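Supplied in structure tokens, the structure appears directly below.
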Amino acid sequence: MPKNSAPAGTRAAAEAAALAARLIAAESASWKSAFADARTATGAVPDAEAVAREIRRWFALFSPEAHARVLFEKRRAALELMRRVPELDLRLIGVVLSGEATERSPVELVTRAMGEKEAAITLLSAGLEAESFDTPWPTRFMRLRNSGSGGVRRDVITIATSVAGETLLVRVAPPHAPLPADEAPDETQTALESSGSLGAQGVSALLDEMRTTTASSFFVAQD
């Protein structure tokens, strides 16, 4: 256990998760700095999954409509990219799908259809940017890729691009790399949001779901 940390499941761990979530959601802190500050304040290392749940709860309580708009724009950018480069067979993953994304969160997608060079050429041929990118904070997908036996894996390359003013990170993974698994939705999520990954059809359905369930004229107009 890291020095000056408390076991998961303790009151200190719960306080650490809540504090990190508030810093991320309310103060736009990065995950890295929020985790460090929460650990310093509580003596516990925040659990990433607990922090994600607390972020979703914070937005549901204090800023539901503004947060829904952020998610809608990012998910729509993901769908546009999927439609522009269908050869990549992209899947939406990460915080934009599960619902704890903030305005500063990039959109995370994964392709297992081709290698780095071919993926970059495909993006460029579609008139998109394709820049190599080093992730400053490991997302859930990257943590899972690095958690197997044999040490840290180096088999996932990230390419950054942009659509409609949104930054999108394309994870180029091996053909048989497992995708994030479906999970039971919590009280802030729909079944689609907790599905682990979604292709273009699923993202389109998620956007339609947001249009019909969110009480705002903004979503009705986004067709």
Side-chain angles (χ1 to χ4, degrees), residues 31-32 47-49 51-52 71-101 104-164 166-185 189-209:
W31 280 63
K32 184 175 182 179
D47 174 75
E49 300 306 317
V51 172
L71 292 177
F72 189 93
E73 296 289 7
K74 291 181 182 294
R75 290 165 176 174
R76 184 167 59 176
L79 181 59
E80 181 177 341
L81 179 62
M82 291 171 166
R83 289 174 170 170
R84 289 179 67 174
V85 285
E87 309 95 314
L88 291 181
D89 191 22
L90 291 165
R91 306 281 299 183
L92 176 63
I93 60 174
V95 297
V96 171
L97 172 58
S98 53
E100 62 270 18
R104 64 185 296 169
S105 301
V107 182
E108 188 178 18
L109 306 102
V110 61
T111 178
R112 302 177 295 176
M114 58 185 70
E116 176 190 9
K117 182 178 179 180
E118 294 82 2
I121 290 173
T122 299
L123 290 167
L124 292 170
S125 297
L128 297 160
E129 300 171 354
E131 299 180 359
S132 180
F133 183 86
D134 291 326
T135 305
W137 179 255
T139 63
R140 183 184 184 197
F141 176 73
M142 297 302 285
R143 291 197 303 273
L144 290 173
R145 290 301 301 159
N146 293 340
S147 64
S149 60
V152 175
R153 304 174 192 174
R154 303 294 183 186
D155 59 355
V156 175
I157 303 299
T158 302
I159 300 175
T161 189
S162 62
V163 171
E166 298 287 351
T167 298
L168 300 96
L169 304 182
V170 177
R171 310 294 193 189
V172 183
H176 302 295
L179 294 170
D182 293 4
E183 296 184 351
Q189 293 176 304
T190 68
L192 287 173
E193 289 176 320
S194 66
S195 60
S197 73
L198 287 179
Q201 184 174 355
V203 176
S204 179
L206 180 56
L207 292 172
D208 287 341
E209 184 178 76

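Model, not experiment: these values are computed from the prediction.
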(request) Taking the side chain as every heavy atom from C-beta outward, state whether T139 and V95 have any pair of such atoms under 4.5 Å apart. (result) no

(request) Check P174 against V156 and note the closest heavy-atom contact, atom names and distance. (result) CD-CG2, 4.3 Å

(message) Testing the basics here: between Q189 and S194, what is the closest heavy-atom pair and its distance to 0.1 Å?
(response) OE1-CB, 3.9 Å

(message) As an exercise, state the distance from CD of E129 to OG1 of T167, rounded to the nearest 0.5 Å.
(response) 8.5 Å

(message) Using the rule given for salt bridge (charged side-chain N to carboxylate O under 4.0 Å, His left out), can you reason through R76 versus E73, listing the C-alpha separation, both sets of side-chain angles and the distance that settles it, and then say yes or no?
(response) CA-CA 5 Å; R76 184 167 59 176; E73 296 289 7; 2.6 Å; yes

(request) Identify the two heavy atoms, one from S195 and one from L192, that lie closest to each other, and give their separation to 0.1 Å. (result) OG-O, 2.6 Å

(message) If I compare all heavy atoms of A126 with all of R84, which pair ends up nearest, and what's the gap?
(response) O-NH2, 3.0 Å

(request) Could you tell me whether a side-chain N or O of R75 sits under 3.5 Å from a main-chain N or O of V203, the two making a donor and an acceptor? (result) no

(message) Under a 3.5 Å distance rule, please check whether T122 uses its side chain to pair with a backbone N or O of E118 as donor and acceptor.
(response) yes

(request) With rounding to the nearest 0.5 Å, note down the distance linking CD in E183 to OG in S98. (result) 8.5 Å

(message) If you apply the rule side chain to side chain contact (heavy atoms under 4.5 Å, CB included), what do you find for V85 with V170, and how did you get there?
(response) CA-CA 12 Å; V85 285; V170 177; over 6 Å; no

(message) Distance check, rounded to the nearest 0.5 Å: L97 atom CG versus L71 atom CG?
(response) 10.0 Å

(request) Give, for atom CG of L128 and atom OG of S162, the distance between the pair rounded to the nearest 0.5 Å. (result) 7.5 Å

(message) If you define the side chain from C-beta out and look only at heavy atoms, does anything of L79 sit under 4.5 Å from L206?
(response) no

(request) Quick one: closest heavy-atom pair of T190 and E209, and the distance? (result) OG1-OE1, 2.9 Å

(request) Only one of M142, R112, R91 passes side chain to side chain contact (heavy atoms under 4.5 Å, CB included) with R171; say which it is. (result) M142

(message) Treating T161 as the side-chain partner and L168 as the backbone partner, does any N or O pair qualify as donor plus acceptor under 3.5 Å?
(response) no

(request) Give a yes or no answer on whether the side chain of E108 reaches the backbone of V96 with a donor-acceptor pair at less than 3.5 Å. (result) no

(request) For the residue pair R83 and S204, establish whether any side-chain heavy-atom pair is separated by less than 4.5 Å. (result) yes

(request) Quick one: closest heavy-atom pair of M114 and E87, and the distance? (result) CE-O, 3.6 Å

(message) Is any side-chain heavy atom of L92 closer than 4.5 Å to one of M82?
(response) yes

(message) So, taking the atom named CG in L109 and the one named CG in L88, what distance separates them when rounded to the nearest 0.5 Å?
(response) 9.5 Å

(message) So, taking the atom named CD in E131 and the one named CG in L169, what distance separates them when rounded to the nearest 0.5 Å?
(response) 11.0 Å

